[in-house]
Amino acid sequence: MDQKTYDVVIIGGGIHGAFAAREAALRGLSVALLDRRDFCGATSANSLKIIHGGIRYLQQLDFRRVIESARERRNLMLIAPHLVHPLPCTMPTHGMLMRSKRVMTAGLLLNDLLTSGRNRDMSPEKQIPAGTVVSREEFLQMVPGITDVRYDGAAVWHDAMVYSSERLVVSAVEAAVQAGADAANYAEIVRFLMNGKQVTGVVAKDVVSGDEIIIKSKVVVNNTGPWSNEVLLLLEEKVTMPVTGLALELNFVLKRQLLKNHAVGLAGCRKEDARERLLFFVPWHGVTMVGTYCRLHAGRVERIQVMDQDINSFIDDINNAFPPACITREDVALVHAGLLPIEAGSEMWPEPEPLRHYRLIDHGRKDGIEGLFTVLGVKYTTARDVAEKTINKVLGKLGKWGGFISRSGSTPLPGGDIPDFERFVSEARASAPKELSESVLSNLLYCYGTGYMTIIEIGKTDPGLLQTVGPKASVIGAEVINAVRNEMALNLGDVVFRRTDLCSAGLPDDDTLKACARLMARELSWDKSKIEKEIASVKAAVIEV
Ligand SMILES: Cc1cc2nc3c(=O)[nH]c(=O)nc-3n(C[C@H](O)[C@H](O)[C@H](O)COP(=O)(O)OP(=O)(O)OC[C@H]3O[C@@H](n4cnc5c(N)ncnc54)[C@H](O)[C@@H]3O)c2cc1C
């Protein structure tokens, strides 16, 4: 990276930075992408995995956002058909006001009209049916155990869900690299290079070796989400600080399967303030994920602290919204915690409000510091669209307008060139090695799409690598080797949290972690004490309940 002068350096390898790097590379720019930790090591890994179709924005009469979200849901299902799938959702109706059958029926109708192009050129598995309102009896079949007598039926619609938010980011990075980008994880931006009021690049610290690298660039994009202000402080110039406050948001992955196929939105009130909180319960890899708990975050971005009180309040919220669930601490397998920028002034409210619209700041226009943009995204769902708009601005700054049309909404991500996902699955089943169980094969197809063949090829070099890494795991040894050789995984955490599906429903047992660490040790020449250190750091990364 220190040998070139890039058109653009992107700081931050979450979903927004990864898509921005891919967008820039697809549009012919020379680009470098850097993250201080692993790709998708922060907020983007902690989302509720819902690719919103936008129906929620009808309540705010934000029709533009409804249309935008539905378009992005379609784009993601097109470019990553293995990772993004329709998700049936439901919410009970009651009373005469906003959640009544009549209002919900009108809302679903309007949503269908606004998103009428959603099924254009989509294969049968990706079709999003029209929304409908069903009877109480039908609702109780979808969500067993509900006893609330107020519910007189339910609205039913479809969003989509990402099978692995981490693999989608890693695929976007890989796509950027395939299109010519240079990418590095564990490379932290520690300074900006300046020529007067012009940003001319960055200084990055290699977190592994401690070395500093000078990276020259015509434009720099600060895509660091919650870290945006901290990165701008490195400028030592007076600039607009885009983050006015941060909310801590939590999801739980529960050990139990509470739902059949439908995600469900249920509201409950806390006794102390009688405020209604809406939670989403989502079927997730054989168990249940639920979100989202929200409170104001004080202090530095790096210091996310989940308190006992947060866990207790969230458990109460879950039981208030879905009393038959009867959740206790023992039911919580994983806590996802992330920080989101909030609306200015909402830090005074009982619960802060996450930023409603993305922000794209040209610090040249705003602060007289040329060659620098900051992007604050608000949803995983719309990150590709925000990336397209960001790179439009970068192209304008570079004076490269003519002929650049974005193809990022229709160009498949690596492994995603699959016109018909159901056909792809049945053809793969017919030809896959016999030693792969149904659950292993399915996991490979959903994680890697057509790239599953690369994993199988690695497995063929050593039949042991086609075995799972533990008796309860659906991940095979060849995936671990692939992560190290082809996907820039450096630590055990990179492999178990972000390259494979191993920890999606909870931390596996010690033997499984050990098996993965030993496979990595073969590739990276780790000794026994390094293996132990890696296992300990994976355990330390999990928030204790
Ligand atoms: C609990 C929760 C649930 C959510 N659910 C959903 C959902 O269901 N659907 C949805 O669409 N959205 C959801 N969201 C929102 C979505 O997850 C975020 O909007 C999105 O992930 C933010 O991505 P990002 O790339 O901007 O930030 P991040 O993913 O945080 O990426 C920023 C990156 O910048 C890097 N960085 C920071 N400083 C430096 C530096 N000095 N040098 C180099 N790199 C640096 C960090 O290491 C990090 O990887 C949810 C969010 C939370 C917290």
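Start at 1 and go down the list; that is how both ligands and their atoms are numbered. Worth saying up front: this structure is predicted, and the values here are computed from it rather than measured.
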- Query: Which atoms from ligand 1 have a heavy atom of V231 less than 4.0 Å away?
  - Reply: 38 (N), 41 (N)
- Spatial distance of atom OG1 (T382) from atom NE2 (H357) [nearest 0.5 Å]: 10.5 Å
- Query: Is it true that G291 lies under 4.0 Å from ligand 1, counting heavy atoms only?
  - Reply: no
- Query: At what distance is the nearest protein heavy atom to atom 5 (N) of ligand 1, and which residue and atom is it?
  - Reply: L48 N, 2.8 Å
- If you draw a 6.0 Å radius around CZ in R64, do more than 12 non-hydrogen atoms from other residues or ligands fall strictly inside? no
- Task: Considering the heavy atoms of P226, write down every atom of ligand 1 situated less than 4.0 Å from one of them.
- Result: 30 (O)
- Query: Any idea which atoms of ligand 1 are less than 4.0 Å away from a heavy-atom of H52?
  - Reply: 7 (C), 8 (O), 9 (N), 10 (C), 11 (O)
- Query: Starting from atom 12 (N) of ligand 1, which protein heavy atom do you reach first, and at what distance in Å?
  - Reply: Y380 N, 3.2 Å
- What protein heavy atom sits nearest atom 21 (O) of ligand 1, and how far away is it? S44 OG, 2.9 Å
- Message: What I want to check is whether the side chains of Y358 and D385 have a donor and an acceptor closer together than 3.5 Å.
- Response: no
- Note on the structure: If we number the atoms of ligand 1 from 1 as shown, the ones under 4.0 Å from a heavy atom of N251 are 1 (C), 3 (C)
- Query: For atom 18 (C) of ligand 1, what is the nearest protein heavy atom, given as residue, atom name and distance?
  - Reply: L340 CD2, 4.0 Å
- Item | Close-contact set for ligand 1 against G338 heavy atoms, below 4.0 Å | 53 (C)
- Item | Ligand-side contact atoms (ligand 1) for residue partner G14, heavy atom cut-off under 4.0 Å | 25 (O), 29 (O), 31 (O)
- Query: Relative to the ring of Y446, is the ring of Y163 parallel (under 30°), tilted (30 to 60°) or perpendicular (over 60°)?
  - Reply: tilted
- Using distance alone, decide if ligand 1 has a nitrogen or oxygen within less than 3.5 Å of any nitrogen or oxygen in V378. yes
- Query: Of all the atoms in ligand 1, which lie at a distance below 4.0 Å from a heavy atom belonging to I189?
  - Reply: 40 (C), 41 (N), 42 (N), 43 (C)
- If you measure from each heavy atom of A187 to ligand 1, is any distance below 4.0 Å? yes
- Item | Minimal non-hydrogen separation, V264 against P92, with atom names | CG2-CD, 4.5 Å
- Hey, could you give me the CG/OG1 distance between L246 and T43, rounded to the nearest 0.5 Å? 9.0 Å
- Note on the structure: of all protein heavy atoms, closest to atom 48 (C) of ligand 1 is D35 OD2, 3.3 Å
- Task: Report yes if the distance between the aromatic ring centroids of Y380 and H52 is under 6.0 Å, otherwise no.
- Result: no
- Query: When you look at CZ of R365, are more than 12 heavy atoms from neighbouring residues, nucleotides or ligands closer to it than 6.0 Å?
  - Reply: no
- Could you give me the CA-CA distance, side-chain angles and deciding distance for D310 and R295, then say whether salt bridge (Lys or Arg N to Asp or Glu O under 4.0 Å) is met? CA-CA 9 Å; D310 296 318; R295 72 149 162 86; 2.8 Å; yes
- Task: Provide, to 0.1 Å, the distance between atom 22 (C) of ligand 1 and the closest protein heavy atom, together with that atom's residue and name.
- Result: H16 ND1, 3.7 Å
- Task: Please state whether K49 comes within less than 4.0 angstrom of ligand 1, counting heavy atoms only.
- Result: yes
- Take atom CD in Q60; do more than 12 heavy atoms of anything else shown fall under 6.0 Å from it? yes
- Task: Would you check whether A42 has a nitrogen or oxygen atom less than 3.5 angstrom from a nitrogen or oxygen atom of ligand 1?
- Result: no
- If we only count N/O pairs under 3.5 Å, is D38 in contact with ligand 1? no
- Message: Does L233 have more than 12 heavy atoms from other residues, nucleotides or ligands lying within 6.0 Å of its CG?
- Response: yes
- Specify the protein heavy atom at minimum distance from atom 44 (N) of ligand 1: its residue, its atom name, and the distance to 0.1 Å. R36 N, 3.1 Å
- Note on the structure: If we number the atoms of ligand 1 from 1 as shown, the ones under 4.0 Å from a heavy atom of E188 are 41 (N), 42 (N)
- Judged by modelled atom types alone, do H285 and S504 share a side-chain donor-acceptor pair under 3.5 Å? yes
- Message: Any salt bridge linking E72 with K379? Criterion: basic side-chain nitrogen under 4.0 Å from a carboxylate oxygen.
- Response: no
- Query: What's the shortest distance from atom 17 (O) of ligand 1 to any protein heavy atom, and which residue and atom give it?
  - Reply: S47 CB, 3.5 Å
